[in-house]
Amino acid sequence: MVQNIVILTGAGVSAESGLGTFRDEGGLWSQYDLKEVATPKGFALDPAKVHAFYNARRLNCLMAAPNPAHFALTTLQRQFPGTVTLVTQNIDDLHERAGSTGVIHMHGTITGALCAACGHRWDAPRAMAATDACPSCGKTATRPDIVWFGEIPYHMPEIDAALMQADLFVAIGTSGSVYPAAGFVAEARACGVRTLELNLEPSETARTFDEGRYGPASKIVPDWVAEMLAGVSRPT
Ligand code: OAD
């Protein structure tokens, strides 16, 4: 019987909310050079360009709303009798706005600001600028609280521990192209955990999963959640 579920979400879970994915046709990495906007070197070379990129992401996120996939995962968290650990590579806050709690943002959040000088964190304003001063130390080294390529994702020990305790690992709407998240399926399998991919189409790592179900997240995630909750008695 499944008691501990670890779920990893990627851009595909938010695609139907109107937030673009990265690697699908017309995705963000076909419009922008990731080395310029998503690396520490790119930020050092042109902080204004990087802030403009993330200011646009923040605005898109503010205008978007959670879709049935986000809400279904909240229902699972609330009604599943075991634990549901929700890990996301997404920087949007749509899981939280759908009511999910304890979401582990391994690539940071668009709603957060970080001082590269002193490590202080605060809520990002709608538009960040290279001239913004840190409210704690006053230095102008403020950046979005996002993990860039070449940096270490957040909360890795917590995620590894959850994977080791899991009976089921589910990856939703992720292409499996970016490590360490792309390696979670192998890590889970090495611990004897059953693995399931829910995606629009088979991802690059599809063959490493025990099972795959394919279609839009707004359909296949609620269907899977209904299956997981079938037979679970709910408070009346
Ligand atoms: P990708 O853009 O690489 O992959 C999105 C996946 O979602 C693809 O496999 C699509 O087939 C799938 N997809 C698209 N629409 C979908 C839908 N309606 N329902 C279900 N699936 C759908 O995005 P990620 O895998 O999240 O990191 O990318 C991983 C990381 O790469 C991101 O967190 C970001 C990016 O560079 C950083 O910026 C550090």
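In listed order, ligands and their atoms are each counted from 1. In this text the structure is predicted, and so the values were computed from the model without any measurement.
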task = Measure up the F43 and H51 rings against each other and bin them: parallel (under 30°), tilted (30 to 60°), perpendicular (over 60°).
result = perpendicular
ask   = Where does the angle between the aromatic ring planes of F169 and F209 fall among parallel (under 30°), tilted (30 to 60°) and perpendicular (over 60°)?
value = parallel
query = Yes or no on side-chain hydrogen bond (donor to acceptor under 3.5 Å, both in side chains) for Y154 and D145, after CA distance, side-chain angles and deciding distance?
reply = CA-CA 10 Å; Y154 296 151; D145 192 6; 2.5 Å; yes
Looking only at heavy atoms, is any part of [X] under 4.0 Å from ligand 1, and if so is it the side chain, the backbone, or both, or is it neither?
| X | result |
| --- | --- |
| H107 | side chain |
| F149 | side chain |
| T21 | both |

Can you list the atoms of ligand 1 that are under 4.0 Å from a heavy atom of [X]?
| X | answer |
| --- | --- |
| G173 | 5 (C), 6 (C), 7 (O), 21 (N) |
| D24 | 8 (C), 10 (C), 11 (O), 14 (C) |
| E16 | 17 (C), 18 (N), 19 (N) |
| P216 | 19 (N) |
| T174 | 6 (C), 9 (O), 24 (P), 25 (O) |
| G10 | 26 (O) |

ask   = So, S100 versus T74: side-chain donor-acceptor pair below 3.5 Å or not?
value = yes
Least distance between heavy atoms, [X] atom then [Y] atom:
| X | Y | answer |
| --- | --- | --- |
| L94 | D92 | N-OD1, 3.0 Å |
| A65 | S17 | O-OG, 2.8 Å |
| G173 | N199 | CA-OD1, 2.9 Å |

request  = Counting heavy atoms only, name the option from A181, A69, S218, S175 that's nearest to atom 4 (O) of ligand 1.
outcome  = S175
key: Nearest option to atom 19 (N) of ligand 1, as decided by whichever heavy atom of G150, A15, A217 sits closest   = A217
Ion pair R213/E211, N-O distance below 4.0 Å = yes
key: Close approach, W29 and ligand 1, non-hydrogen under 4.0 angstrom   = yes
task = Using the test ring pair (Phe, Tyr, Trp, His ring centres under 6.0 Å), find all partners of H120 that sit at least two apart in sequence or belong to another chain.
result = W122
Could you go through residues 174-185 and list every donor-acceptor pair under 3.5 Å that involves a side-chain atom there, pairing it with any protein atom two or more places apart or in another chain?
unit_1 : atom_1 : unit_2 : atom_2 : d
T174   : OG1    : Q89    : NE2    : 2.9
S175   : OG     : S177   : OG     : 2.5

Looking only at N/O atoms, are [X] and ligand 1 under 3.5 Å apart anywhere?
| X | value |
| --- | --- |
| L200 | yes |
| F22 | yes |
| S203 | no |
| A11 | yes |
| V147 | no |
| S177 | no |

